[in-house]
**Student:** 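Have a look at the structure that comes next, please.
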2 protein chains.
Amino acid sequence: MTRAVDGGPRKRGRPTESEREQRREEILDAAVRLFLRHGYGGVSLDRLATEAKVTKRTIYGYVGDKTEVFTAAVARLNREVLPEAEPVDRQARTPGANALEALAVRLVITLHSDVAIGLHRMVVAEAHQFPDLATGFYAAGPQRYIDALSDLVPCPEELFTLLLGEPHRRRLLGLDAPPSRARAEAHVNGVLQLLDL
Amino acid sequence: MTRAVDGGPRKRGRPTESEREQRREEILDAAVRLFLRHGYGGVSLDRLATEAKVTKRTIYGYVGDKTEVFTAAVARLNREVLPEAEPVDRQARTPGANALEALAVRLVITLHSDVAIGLHRMVVAEAHQFPDLATGFYAAGPQRYIDALSDLVPCPEELFTLLLGEPHRRRLLGLDAPPSRARAEAHVNGVLQLLDL
DNA sequence: ACAGAATGACACGATCTAGTATCATTATCC
DNA sequence: GGATAATGATACTAGATCGTGTCATTCTGT
């Protein structure tokens, strides 16, 4: 008999092999949730252990100390946000005037999402303590989007900057909600017109 | 006989009236230095007390608890960074094609400085815990610069966004050093050309 | 079946931190 | 001069947190 998905305390003792495979994922799921909500300093290992329904010793066994958990959580968030950019290449090859617009709208919606904004904010906040994370974040994030745009326009960096723009700055400061698709499309059209694209 | 400016332990007992006037400034000077370097969570009151050559009780007497010290430090930083925008109005009235360029260069250099970047990073990092600081920061900072530009160009928000651009994002992540004046001027000229200004 | 590995529950030590209290010392007020 | 206020030095309380230790429990490998 298998235990209910969220049924009280986890059973004791050594886990089965299939449980072991899920274990690390569950820990990182909880870490991502908590770090996004409360930031690095606002999450204790006890709280993370409770959230992951695991003990601290198990966290050390599967991931490591707090800094390693944070690094792994950021890495997972990077992989979670960036696959949205994968269809870029496919879209880029699609001819027609709307290819650029479609890509831009995807980019705006993705990078203004709660997850992407939370990641961006965390990396900025901890750039002092985790400089390697900042380097990796920029290379895997903004730089990659800029490279994708470089196949389509002559000024990819400036286009990327404008696609984020002040709304993105305000999102980082927690001043606005994520834009609706309609707002994102309007923003994209405004930017493309401004740059004569 | 007056004590040397930075000569060992401060003398005990009730301070003179002139000392009282300086006291709060010295505390906030130290707070600004430490918060910029180590962030809100990275500064303890003991450390702040040592840096300000004062005891914790005196900090409570002059400023308040840690959150009030942080709020006061951010307010002081806002006042410290923004006076650079005061000459905006005077420059704006100066006719000639170089008025906009001169203002833009000032803006780029100021907002990429270590102090401005440190403030921006701190406000982003603590936007969850101090949402009022984020609101005040955007209104007194970016919004104010955008308003100043609105007298000179038809697309002030977009111009502001481009004047910061990816170099500013990279500065927030600790990836670049502050731009030289030459780099700032080159960046401004590139942006103004792109927008046909 | 049995030894060993991995876990949850619980506890513990060491460290750090916010905020307060005590006491001697120095300035201000009357 | 004497009372009062404000300070530095120091210690303290109370709580949080990181990282380990102990022990019973459960799975894996042989």
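Labels below follow one simple rule: chain letters A, B, ... track the order of the sequence lines, proteins then strands, and each chain is numbered from 1.
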**Student:** Which atom pairs link the protein and nucleotides 24-28 of chain C when you take only N or O atoms and keep those under 3.5 Å?
**Tutor:**
{"residue": "C/dT26", "atom": "O2", "partner": "B/R14", "partner atom": "N", "Å": "2.8"}
{"residue": "C/dA27", "atom": "O4'", "partner": "B/R14", "partner atom": "O", "Å": "3.1"}
{"residue": "C/dT28", "atom": "OP1", "partner": "B/E17", "partner atom": "N", "Å": "3.0"}

**Student:** Under 4.0 angstrom, heavy atoms only, what part of the nucleic acid is A/R23 near: base, sugar-phosphate, or nothing?
**Tutor:**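 The answer is sugar-phosphate, as A/R23 gets under 4.0 Å only of primed atoms, P, OP1 or OP2.
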**Student:** Please answer whether the main-chain N or O of B/E68 pairs with a side-chain N or O of B/D65 as donor and acceptor at a distance below 3.5 Å.
**Tutor:**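 Yes; at least one donor-acceptor contact below 3.5 Å.
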**Student:** Rounding to an integer number of Å, can you tell me how far B/R20 CZ sits from D/dA6 P?
**Tutor:**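 Between P of D/dA6 and CZ of B/R20: 6 Å.
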**Student:** Can you tell me the distance, in whole Å, between the CG atom of B/L48 and the P atom of C/dG19?
**Tutor:**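 Answer to the nearest Å: 12 Å.
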**Student:** Over how many whole Å does the gap from A/H38 atom NE2 to D/dA16 atom P extend?
**Tutor:**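 Atom-to-atom, A/H38 to D/dA16, this comes out as 16 Å.
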**Student:** Take the protein atom OH of B/Y62 and the nucleotide atom P of C/dG19, then report the distance between them rounded to whole Å.
**Tutor:**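 Rounding to the nearest Å, OH of B/Y62 and P of C/dG19 are 19 Å apart.
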**Student:** Please check this pair: side chain of B/R183 against backbone of B/P178, looking for a donor-acceptor N/O pair closer than 3.5 Å.
**Tutor:**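 Between the backbone of B/P178 and the side chain of B/R183 there is no qualifying donor-acceptor contact (under 3.5 Å).
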**Student:** Parallel under 30°, tilted from 30 to 60°, perpendicular over 60°: which one fits the rings of A/F35 and A/Y40?
**Tutor:**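 Rings of A/F35 and A/Y40: parallel, as their planes differ by under 30°.
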**Student:** If you find the nucleotide of DNA chain C closest to B/G41 and the one closest to A/V54, which residue's nucleotide is nearer the 5' end?
**Tutor:**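 With B/G41 and A/V54 compared, the 5'-side residue is A/V54.
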**Student:** Between protein and nucleic acid, restricted to nucleotides 18-21 of chain D and to nitrogen or oxygen atoms under 3.5 Å apart, what atom pairs and distances do you find?
**Tutor:**
{"residue": "D/dC18", "atom": "OP1", "partner": "A/K66", "partner atom": "NZ", "Å": "3.2"}
{"residue": "D/dC18", "atom": "OP2", "partner": "A/L45", "partner atom": "N", "Å": "2.8"}
{"residue": "D/dG19", "atom": "OP2", "partner": "A/Y60", "partner atom": "OH", "Å": "2.6"}
{"residue": "D/dG19", "atom": "O5'", "partner": "A/Y60", "partner atom": "OH", "Å": "2.7"}
{"residue": "D/dG19", "atom": "N7", "partner": "A/K56", "partner atom": "NZ", "Å": "3.1"}
{"residue": "D/dG19", "atom": "O6", "partner": "A/K56", "partner atom": "NZ", "Å": "2.7"}

**Student:** With distance as the sole test, does B/E19 use its side chain to make a donor-acceptor pair with the main-chain N or O of B/T16 at under 3.5 Å?
**Tutor:**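 Flag set: sc B/E19 to bb B/T16 pair under 3.5 Å.
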**Student:** Quickly work out the A/R24 CZ to C/dA6 C1' distance and round it to whole Å.
**Tutor:**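 Rounded to the whole Å, the gap is 17 Å.
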**Student:** Could you tell me how the ring of B/F137 sits relative to the ring of B/H120: parallel (under 30°), tilted (30 to 60°) or perpendicular (over 60°)?
**Tutor:**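 B/F137 and B/H120: perpendicular rings.
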**Student:** How many Å lie between NZ on B/K53 and P on D/dT7, as a whole number?
**Tutor:**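 Taking NZ of B/K53 and P of D/dT7, I get 17 Å after rounding.
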**Student:** Got a donor-acceptor contact below 3.5 angstrom from the A/H187 side chain to the A/L162 backbone?
**Tutor:**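 Side chain of A/H187 to backbone of A/L162: a pair is present.
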**Student:** Does OP1 or OP2 of D/dA6 have a side-chain N or O of B/T58 closer than 4.0 Å?
**Tutor:**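 No, because none of the side-chain N or O atoms of B/T58 sits under 4.0 Å from OP1 or OP2 of D/dA6.
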**Student:** Would you find a donor on one side and an acceptor on the other, under 3.5 Å apart, between the side chain of B/K53 and the backbone of B/E26?
**Tutor:**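 Side chain of B/K53 to backbone of B/E26: no pair is present.
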**Student:** Between A/R169 and B/Y138, is NZ or CZ placed under 6.0 angstrom from the six-membered ring centre and within 45° of the ring axis?
**Tutor:**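 That pair does not qualify as a cation-pi contact.
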**Student:** Taking A/T135 for the side chain and A/P131 for the main chain, is one N or O donor matched with an acceptor at less than 3.5 Å?
**Tutor:**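 Indeed, once roles are kept as given, a pair shorter than 3.5 Å links the two residues.
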**Student:** Quickly work out the B/E21 CD to D/dA6 P distance and round it to whole Å.
**Tutor:**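 Spelled out: CD on B/E21 to P on D/dA6 is 15 Å.
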